[in-house]
Amino acid sequence: MLSAYTGSSVRAAESPLLEAGLGDELMQRAGHGLAQAAAGELSATGGTYGRSVVVLAGSGNNGGDALYAGARLQHRGTGTTAVLTSERVHTPALAAFRAAGGRVIQLSDSTLDSAAARVSAADLILDGILGTGGVGGLRGLAADLVERVNARGTAGTVVACDVPSGVNADTGEATGHLLSADLSVTFGALKAGLLMGAGARAAGRVTTIDIGLCGTLPEPDVYSLELADFRHLYVQPQPADHKYSRGVLGIAAGSAMYPGAAVLATGAALATGVGMIRFLGPERVTALINTVHPEVVCSQGSVSDSHVQAWLVGPGATEDPGQRQRSREAISSGLPAIVDAGALPLLPDTVGAHVILTPHAGELAALFERRGDAVDRTAIEADPAAFARRAAQTTGATVLLKGYTTVVAAPTGETFVQAYATPWLATAGSGDTLAGILGALAATHAANDDGSLPGLPPSARWAALAAAGALLHGLAGRRAAKGGPIVVSGLPRHIGRVIHDLLQDPPSSQPQ
């Protein structure tokens with residue numbers, strides 16, 4: 001499991017070391033790690049000797065890290081140029097860069113175009129304009145430079161120093177122009193902003209350099225499940241198991257208008273592995289379910305008469321009075337419940353963490369509005385973790401906020417971010433399959449109560465389980481996309497194969 005921290009937390013962890021006079025040592029460690037990572041990128045494409053490197057150095061410590069790394073690369077035979085985006089610069093780092101033989105260009109109106117051309121043509125670019133303390137995006141000549149570089153394109157590899165300049169290290173929010181990285185080399189600890197929103201899209205691959213903060217870091221601000229964590233959260237069948245001990249999932253989904261949503265959710269739940277599914281819905285929908293999935297027990301019955309371990313309600317259930325009533329009863333049943341789509345408006349004032357809400361940004365904005373809290377969808381998309389936490393605290397539920405990266409928040413504040421999905425999953429029915437996966441995981445957990453993740457408090461149980469569902473959904477989508485555009489109805493066959501791979505030791509299902 002990855003642990004990530006806001007830039008604010010990392011700066012606080014650095015403070016006692018800086019007060020002890022270790023600032024230069026921390027910077028040297030960062031510069032060394034950055035240089036090693038950059039040299040590795042160059043070696044993968046022909047070696048370091050004679051290659052052109054451009055360092056974009058801002059006024060802060062981030063620029064100092066980049067200059068020290070540039071000096072080390074110069075010593076390894078690169079031709080390195082530093083473009084200073086501010087008149088203020090880290091003086092010792094600049095002196096070390098000059099002493100190594102690096103060339104320096106002060107960015108100005110007169111040098112802007114030539115600097116942009118040099119950056120675009122370089123074999124490798126070290127982006128050290130802004131670091132974890134940068135807020136509000138790039139400004140002035142630095143913004144103009146990046147705009148010109150983006151217009152020209154880059155011939156080489158872009159390596160971000162700590163975070164891509166202009167990305168908020170706390171939230172992933174970004175405004176204005178960004179120089180997207182192929183690799184982000186972050187110092188001390190993984191930054192939360194590299195996992196979310198625009199930061200995740202701009203970060204490329206991420207590697208963390210240990211500079212000695214382990215003893216001063218607080219509890220993580222964000223977690224992210226790795227492939228090996230799935231085994232701890234997936235309840236595997238045992239020799240004495242039967243269909244009831246494997247978990248029974250109740251599903252109230254679909255309607256005359258959207259019967260397919262019920263089929264998709266049910267198929268995904270079956271593929272995830274659950275002992276039995278009891279489906280409640282209109283006769284037309286139950287007939288379709290039994291045609292496609294004959295193993296599902298279907299009826300037009302009530303929630304109170306159905307013996308299950310968990311509920312999934314809402315997919316495709318729009319404007320169906322019977323399904324709306326079943327959704328209300330399931331949410332209030334005291335059992336774990338996945339609440340999706342058409343059931344979200346039926347949420348009572350407060351519920352428990354065993355109720356998992358699965359909105360996208362628009363649905364979350366509507367949830368806030370129903371509670372008298374006007375929140376714009378774009379604000380949610382810019383800072384998804386903050387709004388997922390806010391929704392969890394407001395409702396008492398576990399909130400899984402869908403998007404480019406999936407953010408899951410527990411009402412007690414524990415937050416997970418999963419970024420294994422593929423853009424090919426942005427298609428109708430994808431959310432129904434995710435809901436089915438989550439329903440199956442919830443039912444098997446409720447029946448067995450033995451899936452847990454070491455190092456997490458009990459209060460994070462349902463959030464971790466929801467994150468595992470997002471991981472599985474994303475990997476299944478990646479696997480399906482290897483054959484081209486995804487047909488969501490075919491996703492279940494990939495779900496089972498990914499589970500098989502993830503349960504190996506070590507897991508063999510690798511994100512591409």
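None of these values were measured; they are calculated from a predicted model.
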Assess the residue pair Arg389 and Thr415 against the criterion (side chain to side chain donor-acceptor pair (under 3.5 Å)); give the C-alpha distance rounded to whole Å, side-chain angles, the decisive distance to 0.1 Å, and a yes or no.
CA-CA 7 Å; Arg389 290 189 188 108; Thr415 304; 2.8 Å; yes
N/O donor-acceptor pair under 3.5 Å between [X] side chain and [Y] backbone:
X      : Y      : value
Ser184 : Ala203 : yes
His293 : Glu295 : no
Asp127 : Pro164 : no
Gln323 : Asp320 : no
Arg377 : Ala365 : no
Asp170 : Ser8   : yes
Arg326 : Ser302 : no
Asn62  : Leu130 : yes
Arg328 : Leu347 : no
Ser430 : Ala426 : no

Verdict with reasoning, Leu312 to Leu438, per side-chain contact (heavy atoms from CB on, under 4.5 Å):
CA-CA 8 Å; Leu312 162 58; Leu438 293 171; over 6 Å; no
I need the [X] [atom1] to [Y] [atom2] distance, nearest 0.5 Å.
X      : Y      : atom1 : atom2 : result
Leu346 : Ile331 : CG    : CD1   : 5.5 Å
Asp376 : Glu381 : CG    : CD    : 8.5 Å
Leu425 : Leu491 : CG    : CG    : 6.5 Å
Leu472 : Leu227 : CG    : CG    : 11.0 Å
Thr132 : Arg11  : OG1   : CZ    : 4.5 Å
Lys191 : Tyr5   : NZ    : OH    : 11.0 Å

Quiz question: by atom type and distance under 3.5 Å, do the side chains of Gln418 and Thr405 form a donor-acceptor pair?
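No, no side-chain donor-acceptor contact under 3.5 Å.
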With no hydrogens and no angle check, do the side chains of Ser9 and Thr6 hold a donor and an acceptor under 3.5 Å apart?
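Thr6 and Ser9 do have a side-chain donor-acceptor pair below 3.5 Å.
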What heavy-atom pair brings [X] and [Y] nearest, and what distance separates the two atoms?
X      : Y      : answer
Pro384 : Gly197 : CG-N, 4.5 Å
Ala392 : Pro411 : O-CB, 3.6 Å
Pro507 : Leu502 : CB-O, 3.7 Å

What orientation do Tyr244 and His242 show, parallel under 30°, tilted 30 to 60°, or perpendicular over 60°?
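Aromatic pair Tyr244/His242 classed perpendicular.
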Ring geometry between Phe368 and Phe387 (parallel below 30°, tilted from 30 to 60°, perpendicular above 60°):
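Rings of Phe387 and Phe368: perpendicular, as their planes differ by over 60°.
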So [Y] and [X], do their side chains get closer than 4.5 Å, heavy atoms only?
X      : Y      : answer
Glu414 : Pro457 : yes
Val274 : Val248 : no
Arg324 : Pro345 : no
Thr358 : Val339 : no
Gln36  : Ile209 : no
Asp229 : Tyr223 : no
Met276 : Leu249 : no
Ile251 : Leu280 : no

With a 4.0 Å cut-off on N to O distance, would you call Glu41 and Arg205 a salt bridge?
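Salt bridge: yes.
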Thr398 and Val355: side-chain contact (heavy atoms from CB on, under 4.5 Å), yes or no, with the steps?
CA-CA 6 Å; Thr398 298; Val355 175; over 6 Å; no
Side chain to side chain donor-acceptor pair (under 3.5 Å) assessment of Thr286 paired with Gln300:
CA-CA 8 Å; Thr286 60; Gln300 287 80 52; 3.0 Å; yes
Should the heavy atoms of other residues, nucleotides or ligands under 6.0 Å from CD of Gln325 be counted, would the total exceed 12?
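Above 12, so yes.
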Any chance CD of Glu283 has more than 12 other-residue heavy atoms, nucleotides or ligands included, within less than 6.0 Å?
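Counting neighbours around CD of Glu283, 12 or fewer heavy atoms of other residues, nucleotides or ligands fall under 6.0 Å, so no.
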So Gln393 and Arg390, side chain to side chain donor-acceptor pair (under 3.5 Å) or not? Walk me through it.
CA-CA 5 Å; Gln393 291 164 359; Arg390 182 163 151 186; over 6 Å; no
Please assess Val399 against Val408 for the test side-chain contact (heavy atoms from CB on, under 4.5 Å), listing each intermediate value before the final yes or no.
CA-CA 6 Å; Val399 175; Val408 185; over 6 Å; no
Do Thr266 and Leu264 pass the side-chain contact (heavy atoms from CB on, under 4.5 Å) test, and can you show the C-alpha distance, the side-chain angles, and the key distance before you say yes or no?
CA-CA 5 Å; Thr266 304; Leu264 295 172; over 6 Å; no
